[in-house]
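Below: the structure, in structure tokens.
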Amino acid sequence: MSKTAMELILFTQPTIQAKLLIGYLEQAVGRECTLQSGTTPTAFTVRSSLGSVLWIWDWQQSGDKERIFSLLSNQDGAIPLVLLINLPDDMSLELRALQSGIRGVVTYETPIEQLIKALESVERGELWFSRKTLTRGLIERGPQSGSMPKRNQWPNGITSREAEILRLITAGYSNKRIAYELGISLHTVKAHTYNLYRKIDASNRMDAANWAEMNLWNQS
């Protein structure tokens with residue numbers, strides 16, 4: 001399922017450091033990265049349809065952070081793809097980012113090579129957070145943590161096993177980690193995931209997570 005590469009936008013102030021970062025990103029990923037500055041990125045809501053834009057939000061340089069968190073948390077429709085960078089090593093901030101719908105965080109102490117890995121992971125529809133943050137987030141979100149809610153029948157004809165795999169996909173687990181958690185082979189995970197995507201018409205992990213949020217976790 002090949003897709004056109006996403007547009008990369010760095011949300012920060014126009015500093016020398018920002019220009020250097022853009023140059024590094026463009027060389028590393030082989031495509032253009034533009035800069036947008038300001039204090040209230042309304043474009044997060046305007047330009048994020050169909051997941052065609054990946055925002056790289058610089059925590060150290062942006063303005064009203066609480067307003068941005070609130071904007072993301074209350075977003076209707078398409079959820080913007082946001083990778084938060086230069087974050088202090090603070091689990092509470094990471095957790096707030098996760099709860100706001102941000103797809104990944106990179107602290108200011110992280111080697112820059114890891115930034116590229118995080119960017120690529122978010123583009124694939126995966127989450128990039130520490131294991132502690134993901135675990136804490138699952139505990140606080142309720143139905144997605146622990147065991148699956150008991151049902152006799154799942155939407156779209158998905159099986160209980162596929163629903164369990166979907167829960168772990170939503171938590172940001174890789175296929176290898178899912179296989180370990182469920183005690184099944186990697187091949188079996190891939191087969192279940194293929195069948196799951198077909199049933200819910202998902203192209204990637206982000207699509208699957210969004211479908212789960214609308215069709216599973218918010219229903220009794």
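Computed from heavy atoms alone, side chains included, the values below leave out hydrogens, waters and symmetry copies. Computed from a prediction, not measured in an experiment: that's the story for all the values here.
Side-chain atoms of Q114 do not come within 3.5 Å of backbone N or O of P111 as any donor-acceptor pair. Judged by distance alone, the side chain of E26 and the main-chain N or O of E32 form no donor-acceptor pair under 3.5 Å. Proximity of a side-chain donor or acceptor of T188 to a complementary backbone N or O of I184 within less than 3.5 Å is not detected. Judged purely by atom type and a 3.5 angstrom limit, R177 has no side-chain atom pairing as donor or acceptor with the backbone of L168. Between the K199 side chain and the G157 main chain, a donor and an acceptor come within less than 3.5 Å of each other. Remark: side-chain polar atoms of D58 are paired, donor with acceptor, to backbone N or O of Q60 under 3.5 angstrom.
Here A179 pairs with V189 under the side-chain contact (heavy atoms from CB on, under 4.5 Å) rule; sequence neighbours left out.
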Could you check N175 against R205 for side-chain hydrogen bond (donor to acceptor under 3.5 Å, both in side chains), going step by step and ending with a plain yes or no?
CA-CA 11 Å; N175 285 346; R205 301 172 98 81; 3.2 Å; yes
Check step by step if side-chain contact (heavy atoms from CB on, under 4.5 Å) holds for L10 and W57.
CA-CA 6 Å; L10 175 63; W57 171 18; over 6 Å; no
Worked verdict on K19 versus T15 for side-chain contact (heavy atoms from CB on, under 4.5 Å)
CA-CA 6 Å; K19 292 179 180 179; T15 62; over 6 Å; no
Run the numbers on V106 and N86 for side-chain contact (heavy atoms from CB on, under 4.5 Å), then give the verdict.
CA-CA 6 Å; V106 176; N86 282 329; over 6 Å; no
Can you list the steps and then say if N204 with R124 is a side-chain contact (heavy atoms from CB on, under 4.5 Å)?
CA-CA 7 Å; N204 53 42; R124 290 194 299 268; over 6 Å; no
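Side-chain contact check for Y197 versus S203: every heavy-atom pair is 4.5 Å or farther apart. In this structure, the side chains of N156 and W211 come closer than 4.5 Å at one or more pairs of heavy atoms. Side-chain contact between L87 and E109: absent, with no pair of heavy atoms (C-beta onward) separated by less than 4.5 Å. Looking only at side-chain heavy atoms (C-beta outward), T12 and L21 stay at 4.5 Å or farther from each other. Contact check for L54 versus E123: side-chain heavy atoms found under the 4.5 Å cut-off. Contact annotation: the side chain of L35 never approaches that of I9 to less than 4.5 Å [non-hydrogen atoms, C-beta and beyond]. The shortest distance between side-chain heavy atoms of F129 and R103 does not fall below 4.5 Å. Residues T110 and L115 form no side-chain contact, since every pair of their non-hydrogen atoms from C-beta on lies 4.5 Å or further apart.
To the nearest 0.5 angstrom, I56 atom CD1 is 8.5 Å from I22 atom CD1. A distance of 6.5 Å separates CG of L25 from CG of L119, quoted to the nearest 0.5 Å. Between the CG atom of D207 and the CD1 atom of I169 there is a distance of 11.0 Å, given to the nearest 0.5 Å. A distance of 5.0 Å separates CE of M206 from CG of L81, quoted to the nearest 0.5 Å. L196 CG to K190 NZ: the interatomic distance, rounded to the nearest 0.5 Å, is 16.0 Å. Remark: F11 CZ to W55 CH2 distance equals 7.5 Å, nearest 0.5 Å.
Side-chain atoms of S121 and E126 form a donor-acceptor pair, as typed in the model, at a separation below 3.5 Å. R161 and N195 form no side-chain donor-acceptor contact under 3.5 Å, judged by distance and modelled atom types alone. Between the side chains of S160 and W154, at least one donor-acceptor pair of N or O atoms lies under 3.5 Å.
The number of heavy atoms from other shown groups lying within 6.0 Å of CG (L20) is above 12.
For L166 against A208, the heavy-atom pair with the smallest separation is CD1-O, 3.6 Å. Taking all atoms of both residues into account, the shortest heavy-atom contact from A97 to L84 is CB-CD2, 4.1 Å.
Clustering ILVMFWY residues whenever any of their side-chain heavy atoms sit less than 4.5 angstrom apart, transitively, puts I116 in a cluster other than the one holding Y108.
For the pairing with L98, the side-chain contact (heavy atoms from CB on, under 4.5 Å) check across V105, L93, L127 returns one residue only, L127.
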